[in-house]
Amino acid sequence: MQIYDSVQKKKVPFEPIIPRKASIYVCGPTVYDDAHLGHARSSLSFDLLARTLRALRYEVTMGKNFTDIDDKIIKKIQETGQSLEEITTHYIARYLEDMRALGVQDADIKPKATESLEAIESMIQRLIDQDNAYIISNGDVYFDTSKDTHYGSISHQVGDDATNQSRVEHTSEKRNPKDFALWKACQSHDEICFDTAFSRGRPGWHIECSAMIEKHFEGNDQYSIDIHGGGADLLFPHHENEAAQSRCATGHELAKYWMHNGFVNINGEKMSKSLGNSFFVKDALTIYDGEILRNYLISVHYRNDFNFNEEDLLSSKKRLDRLYRLKKRISPTGTSKPNKTFQKAILEAMSDDMNISVALALVDEMISEANDKLDANPKDKGIKKETMANIEFIHELLGLGGKEPFSYFQLGIDEATKYKIESLIAARNEAKKAKDYAKSDAIRDKITAMGISLMDTAEGTLWEKV
RNA sequence: GGCGACAUCGCCAAGCGGUAAGGCCGCAGCCUGCAAAGCUGCUAUCCCCGGUUCAAAUCCGGGUGUCGCCUCCA
């Protein structure tokens, strides 16, 4: 397995710290609102990574946190009058629901900041004791970036000198411009606060990931985990800061490899709340099935920017339709072993830093070949069984093609409509039998107008929702 | 101001020095009562200008353009 390490900025062989095991930690969402397409992209990227490693027989442990203490959550509490727990419980459930709809496998470890306070306090206390962190007059605790000689080694962002026109606010009491808050002391009574030895307050953003990783993963004396992932925007400062505080507190590096997924753009611009162009997963799901969205969102390599638009979504759906049409064609049938050459080729593609384009091209090729063979030998059970096994393999590796094919083509059709379609088809077939083609074509036009496409096959007339 | 990414057929998208995968769309054919589906065939020299090399979309230099990070952000 080769992966692209965004710290080394090149593809490197994946050599886990414990042979045959892979520990992955991905920065999860702050739970104050529903998941948007960017969250989906990140989840999907690392879902594919975990699936690929599992297919390569690695024992994968995936951790993904929920940030459930944060300024934005506090703001939501003030706006809605709901409790912190009510808000975060709701959005955590919503997030998991949306990601499952996209076929994302649940993380093995799902820590929350509120459940990691001891680990957070312990790490901050150690940093203070080591003089890597300091407390300012209002009780805030800051990490002293000048104490970490490797600060900057993750993002390669350096220089907080006079030429740096960073927009960071310079708190007068900060020793260095890049120092960041490990702990934010309470300034008033209506805030969410926790007691610690240093002050009453709440954790800063970066510390939770470091503390959670220390708490949940063992690692070795060089690294805590194998792979740390997240969106490209987290590289700096979030991951740089995580790395720094972990390095200083634990004496070893946080992660052996760092991976970052690209953004989702809408009309060529980064999707973000402030631009008002964010797109919720739940809204997309009311129009398109989760698997169709999944198929679309994974179709671009995870490191590239993704330009979301409906036209491309529809063309990628047609690609998925081909897979299900083949599955429909061979159903019902048993299953045997997947074709070795196919299996090997697709695993090789995914092992190359998840080259999804090549993997999907191989799927297309497999579909064409199977159709070709079935054209020649429509009843060959061996072909059918191997094809079914191939599709099952695709489902396991890429999370595609797992549905019952007839239902796939009838998504969103209610029973009454279904009955109507089928009775129209019966009427059409009678007209066809009587060679009254004017009538049969008129009926077909009526069905087409309903958004249904007909296929006359040896097994009878089949229909699909377009 | 600092750091970085990207630019390949109408659209999406592989390619990582050896002579341009795949999908969508389009055209032609087979099949079909006609369609649909399926199958077959057809459609690009890679933003521009230099350079290295027997050989470059792929490496180097210089442009142009688009985007991102440096502030909460997947």
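Below, read A as the first sequence line, B as the second, and so on, with proteins coming before strands; counting in each chain starts at 1. Scope of the values below: all heavy atoms of this structure, side chains included, with no hydrogens, waters or symmetry mates.
Side-chain to base pairing of A/H36 with B/A74: one donor and one acceptor N or O lie within less than 3.5 Å of each other. Judged by distance alone, with hydrogens and angles left aside, A/Q157 brings no side-chain donor or acceptor close enough to the base of B/G4 to form a pair under 3.5 Å. On a pure distance criterion of 3.5 Å, no polar donor-acceptor pair joins the side chain of A/K270 and the base of B/C67. Judged by atom type and distance alone, A/D321 does not reach the base of B/C24 through any side-chain donor-acceptor pair under 3.5 Å.
Between A/K328 and B/A37 there is no side-chain polar atom (N or O) within less than 4.0 angstrom of OP1 or OP2. Dashed line: the shortest gap from a side-chain N or O of A/N307 to OP1 or OP2 of B/C11 is not under 4.0 Å. Taking side-chain N and O atoms only, A/K318 has a distance below 4.0 Å to OP1 or OP2 of B/C25. The phosphate of B/C39 has OP1 or OP2 within less than 4.0 Å of a side-chain N or O from A/S368. Within the 4.0 Å cut-off from OP1 or OP2 of B/A14, not a single side-chain nitrogen or oxygen of A/N355 is found. Contact annotation: A/R329 side-chain N/O to B/G38 OP1/OP2 distance is not under 4.0 Å.
B/C11 and B/C46 have their P atoms separated by 16 Å, given to the nearest Å. B/A14 and B/C34 have their P atoms separated by 41 Å, given to the nearest Å. Between the C1' atoms of B/A13 and B/C25, the separation comes to 15 Å (whole Å). Straight-line distance between the P atoms of B/G15 and B/A74: roughly 28 Å, to the nearest whole Å. Comparing B/G50 with B/A44, their P atoms sit 25 Å apart, to the nearest whole Å. Distance noted for atom C1' between B/C67 and B/A28: 41 Å (whole Å). Comparing the same atom, C1', in B/U64 and in B/C48 gives a spacing of 7 Å after rounding to whole Å. A gap of 15 Å separates the C1' atoms of B/U58 and B/G51, to the nearest Å.
Nucleic acid contact class of A/K9 (heavy atoms, under 4.0 Å, all strands): sugar-phosphate only. Among the protein residues, A/V264 comes within range of the nucleic acid bases, having at least one heavy atom under 4.0 Å from a base atom. Counting non-hydrogen atoms under 4.0 angstrom, A/S357 reaches a base of the nucleic acid. When heavy atoms are screened at a 4.0 angstrom cut-off, A/D372 is found touching the sugar-phosphate backbone but no base atom. Heavy atoms of A/R41 sit nowhere under 4.0 angstrom from any nucleic acid atom. Within the 4.0 angstrom heavy-atom criterion, only backbone atoms of the sugar-phosphate kind lie near A/L234; the bases stay farther away. Within 4.0 Å (heavy atoms only), A/G38 reaches at least one base atom of the nucleic acid.
With a 3.5 Å ceiling on both atom-pair distances, B/G17 lacks any Watson-Crick or G-U wobble partner. A 3.5 Å limit on both hydrogen-bonding distances identifies B/C39 as the Watson-Crick or G-U partner of B/G29. Partner assigned to B/U64 is B/A7, using Watson-Crick or G-U wobble distances below 3.5 angstrom. Searching all strands for a Watson-Crick or G-U wobble partner of B/U52 with both distances below 3.5 Å returns nothing.
Side-chain proximity of A/R322 to the nucleotides B/G23, B/A74, B/A14 is greatest for B/G23. Nearest nucleotide to the A/R428 side chain, out of B/A74, B/C34, B/A36: B/C34. When each of B/C34, B/C70, B/A74 is scored by its nearest atom to the side-chain atoms of A/R444, the top-ranked nucleotide is B/C34. When distances are taken from the side chain of A/F236 to each of B/C34, B/C11, B/C69, the shortest belongs to B/C69. The side chain of A/S440 lies closest to B/G33, out of B/G33, B/C24, B/C39. Considering only the side chain of A/D456, B/A35 comes nearest among B/A74, B/A35, B/C67. Taking only side-chain atoms of A/K432, from C-beta outward, the nucleotide of B/G33, B/A74, B/C24 with the closest atom is B/G33.
Taking atom CG on A/D364 and atom C1' on B/G22, their separation rounds to 6 Å, with Å as the unit. Atom CG of A/L374 is separated from atom C1' of B/C31 by 16 Å (rounded to the nearest Å). What separates CE of A/M271 from C1' of B/A74 is a distance of 8 Å, to the nearest Å. Computed from coordinates, the A/D375 CG to B/G29 P distance equals 19 Å when rounded to whole Å. Distance NE2 (A/H260) to P (B/C70): 12 Å, rounded to an integer number of Å. Atom C1' of nucleotide B/A74 and atom CG of A/L102 are separated by 13 Å, given to the nearest angstrom. Computed from coordinates, the A/L362 CG to B/G23 C1' distance equals 13 Å when rounded to whole Å. Spacing between atom CG of A/N304 and atom P of B/G4 amounts to 19 Å, rounded to whole angstrom units.
In the model, A/E310 has a side-chain atom that pairs as donor or acceptor with a side-chain atom of A/Y288 under 3.5 Å. Donor-acceptor pairing under 3.5 Å is recorded for the side chains of A/D179 and A/T145. Residues A/Y302 and A/S42 bring no donor and acceptor atom of their side chains to less than 3.5 Å of each other. Judged by distance alone, the side chains of A/R329 and A/N371 do bring a donor and an acceptor atom under 3.5 Å apart.
Classification of the A/F14-A/Y257 ring pair by plane angle, with boundaries at 30° and 60°, yields tilted. The aromatic rings of A/Y408 and A/Y324 sit parallel, their planes meeting at an angle under 30°, below the 60° perpendicular limit.
If you find the closest nucleotide of RNA chain B to A/E464 and to A/A232, the one lying nearer the 5' end belongs to A/E464. The residue among A/D441 and A/E365 whose nearest nucleotide of RNA chain B lies closer to the 5′ end is A/E365.
B/G33 has A/Y437 stacked on its base ring, the centres lying under 5.5 angstrom apart and the planes within 30 degrees of parallel.
In this structure, A/W258 CH2 and A/S6 OG are separated by 8.5 Å, a value rounded to the nearest 0.5 Å. In this structure, the separation between CG on A/L398 and OG on A/S299 is 11.5 Å, given to the nearest 0.5 Å.
If you look at A/Y296 and A/F308, their ring centroids are closer than 6.0 Å.
Figure legend: cation-pi geometry between A/K270 and A/F263, with NZ or CZ positioned under 6.0 Å from the six-membered ring centre and within 45° of its axis.
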